[in-house]
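Only one structure is covered here, and it is reproduced in the block below.
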Amino acid sequence: MKLEHDFFTTDNVVGLAKELIGTIFHTNINGKHCAGIVTETEAYAGVTDRASHAFGGRLTKRTEVMYREGGIAYVYFTYGMHCLFNVVSATEGTPHAVLLRAVWPVAGIETMMERRSFPKDKRLLTNGPAKLAQAFGITLEHNATSLCGDLIWIEKPSDNCIEHIVESPRIGVDYAGVDAALNYRFVGAPDEKIVRRMFSETNDLR
DNA sequence: TACACGATTTACT
DNA sequence: GTAAATCGTGTAT
C-alpha cells in the first residue's frame with residue numbers, strides 16, 4: 001500500500017523516522033525502477049535541533065524546502081560529491097525531515113550495481129546515505145519532488161518484515177552539542193525469511 | 001568576492 | 001588506522 005500525503009504531515013518527526021523502518025522505498029528514475037526495504041533512518045527536528053540544517057530558524061535557498069508541507073524530498077549536496085535524501089515532514093513552516101541512511105535492495109539491483117560502479121560486495125550497495133541516493137538515481141534535481149508521485153514513492157507492506165528496531169544517537173553530528181546525544185537514529189533488523197517470501201523473485205539480499 | 005566546512009565514501013598504509 | 005576527493009552552501013568580508 002502506497003503511503004499517502006497525510007502520512008508525512010505529522011509533527012512527530014521522531015515517530016515518523018521509526019515508522020519508516022520496514023517500509024519500501026521506490027524510485028523510477030531514468031526509466032529504471034529500484035526498491036529497497038528501509039533499514040536505517042534519522043530524525044532531524046526542525047529549528048530546535050542543533051544537528052538540523054534548519055536549526056535556529058535558518059532559512060536559506062537550500063533549507064527552504066524543509067519548511068514546506070511534508071510529503072516531498074529534501075535532497076542536498078555535501079562533502080563536494082554526495083547527495084543525501086530526506087523525507088520532509090510536518091506542516092508548512094515546520095522544517096522537520098527524516099534522513100534515509102540505508103535500505104536492503106529488493107528490486108532493480110542490476111541498475112543499482114551499474115550506478116554504484118559494481119562494488120565487489122553487494123552489501124556495500126545501499127548501506128549508507130550517499131550510497132543509497134546514488135544507487136536509486138537521486139540527484140539534486142529531485143529536491144522538492146513529491147513522495148507520492150511516479151518518480152519517488154514509499155510503500156507500507158502488509159506484512160511486517162522487521163524483527164526489531166534499535167535506537168541510537170545519530171551519525172556524524174558531533175558538532176551538534178547536547179543534541180548529538182539524542183536517540184534520533186533507528187536501525188531495523190529485517191527477518192530474512194519474511195523478506196524472501198515477500199520478494200520471492202529476489203534471490204540475493206543485501 | 002573569499003573562505004572554511006560538511007547528516008560521506010573510498011582507497012591506501 | 002588515516003587521508004584524499006571535491007564543491008555547494010553559509011557566513012563573513
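Every chain is numbered from 1, with letters handed out A, B, ... down the list of sequences.
Between the side chains of A/Q134 and A/R116, at least one donor N or O sits under 3.5 Å from an acceptor N or O.
For A/R116, the side-chain atoms get nearest to B/dT10 when compared with the rest of B/dT8, B/dA7, B/dT10.
One can place CZ of A/F118 at 18 Å from C1' of B/dT10, the figure rounded to the nearest angstrom. Between the P atom of B/dA7 and the CE atom of A/M66 lies a distance of 11 Å, rounded to the nearest Å. The nearest whole Å value for the distance from the CZ atom in A/R58 to the P atom in B/dA7 is 9 Å. Put simply, NZ on A/K120 is 13 Å from C1' on B/dT10, counting in whole angstrom units. Between A/K131 atom NZ and B/dA7 atom C1' there is a gap of 15 Å when expressed in whole angstrom units.
Proximity of a side-chain donor or acceptor of A/N86 to a complementary backbone N or O of A/V88 within less than 3.5 Å is not detected. When atom types are taken as modelled, the side chain of A/T145 and the backbone of A/I152 share no donor-acceptor pair closer than 3.5 angstrom. Judged purely by atom type and a 3.5 angstrom limit, A/D191 has no side-chain atom pairing as donor or acceptor with the backbone of A/C161.
Taking the six-membered ring where the residue is Trp, the centroids of A/F25 and A/F85 are separated by under 6.0 Å.
Listed by chain and number, the residues in a ring pair (Phe, Tyr, Trp, His ring centres under 6.0 Å) with A/Y44 amount to none (sequence neighbours excluded). Under the side-chain hydrogen bond (donor to acceptor under 3.5 Å, both in side chains) criterion, A/E110 pairs with no residue, sequence neighbours left out. Taking A/Y76 as the reference, A/H53, A/Y74 meet the ring pair (Phe, Tyr, Trp, His ring centres under 6.0 Å) condition, with sequence neighbours excluded. Scored by the side-chain hydrogen bond (donor to acceptor under 3.5 Å, both in side chains) test, A/E155 finds A/H26 as partners (sequence neighbours excluded). A/L182 is linked by a side chain to side chain contact (heavy atoms under 4.5 Å, CB included) to A/R170, A/D179, A/Y184, counting only residues two or more places apart in sequence or in another chain. Residues satisfying the side-chain hydrogen bond (donor to acceptor under 3.5 Å, both in side chains) test with A/D121, not counting sequence neighbours, are A/R123. The side-chain hydrogen bond (donor to acceptor under 3.5 Å, both in side chains) check on A/S168 picks up A/R185, with sequence neighbours excluded.
Screening residues 160-183 of chain A for ring-ring contact (aromatic ring centres under 6.0 Å, His included), with sequence neighbours left out, gives no hits.
For the strand DNA chain C, secondary-structure stems (runs of at least three Watson-Crick or G-U pairs, all distances below 3.5 Å) span B:1-6 with C:7-12, B:8-12 with C:1-5.
When DNA chain C is scanned in the 5' to 3' direction for atoms under 4.0 Å from non-hydrogen atoms of chain A, the outermost contacting nucleotides are C/dA5 to C/dT11.
Each of A/I154, A/T91, A/I72, A/V13 was scored for a side chain to side chain contact (heavy atoms under 4.5 Å, CB included) with A/F8, with one residue passing: A/I154.
Contacts between residues 176-185 of chain A and DNA chain B, defined by a heavy-atom separation below 4.0 Å, involve no residue at all. Of the residues in residues 78-92 of chain A, those placing a heavy atom less than 4.0 Å from an atom of DNA chain C are A/Y79, A/G80, A/M81, in numerical order.
As judged by a 4.0 angstrom heavy-atom cut-off over every strand, A/A130 is placed among residues touching the sugar-phosphate backbone only. Backbone-only engagement by A/R62 is indicated by non-hydrogen atom pairs under 4.0 Å involving sugar-phosphate atoms exclusively.
Of the side-chain N and O atoms in A/Y175, one or more sit less than 4.0 angstrom from OP1 or OP2 of B/dA7.
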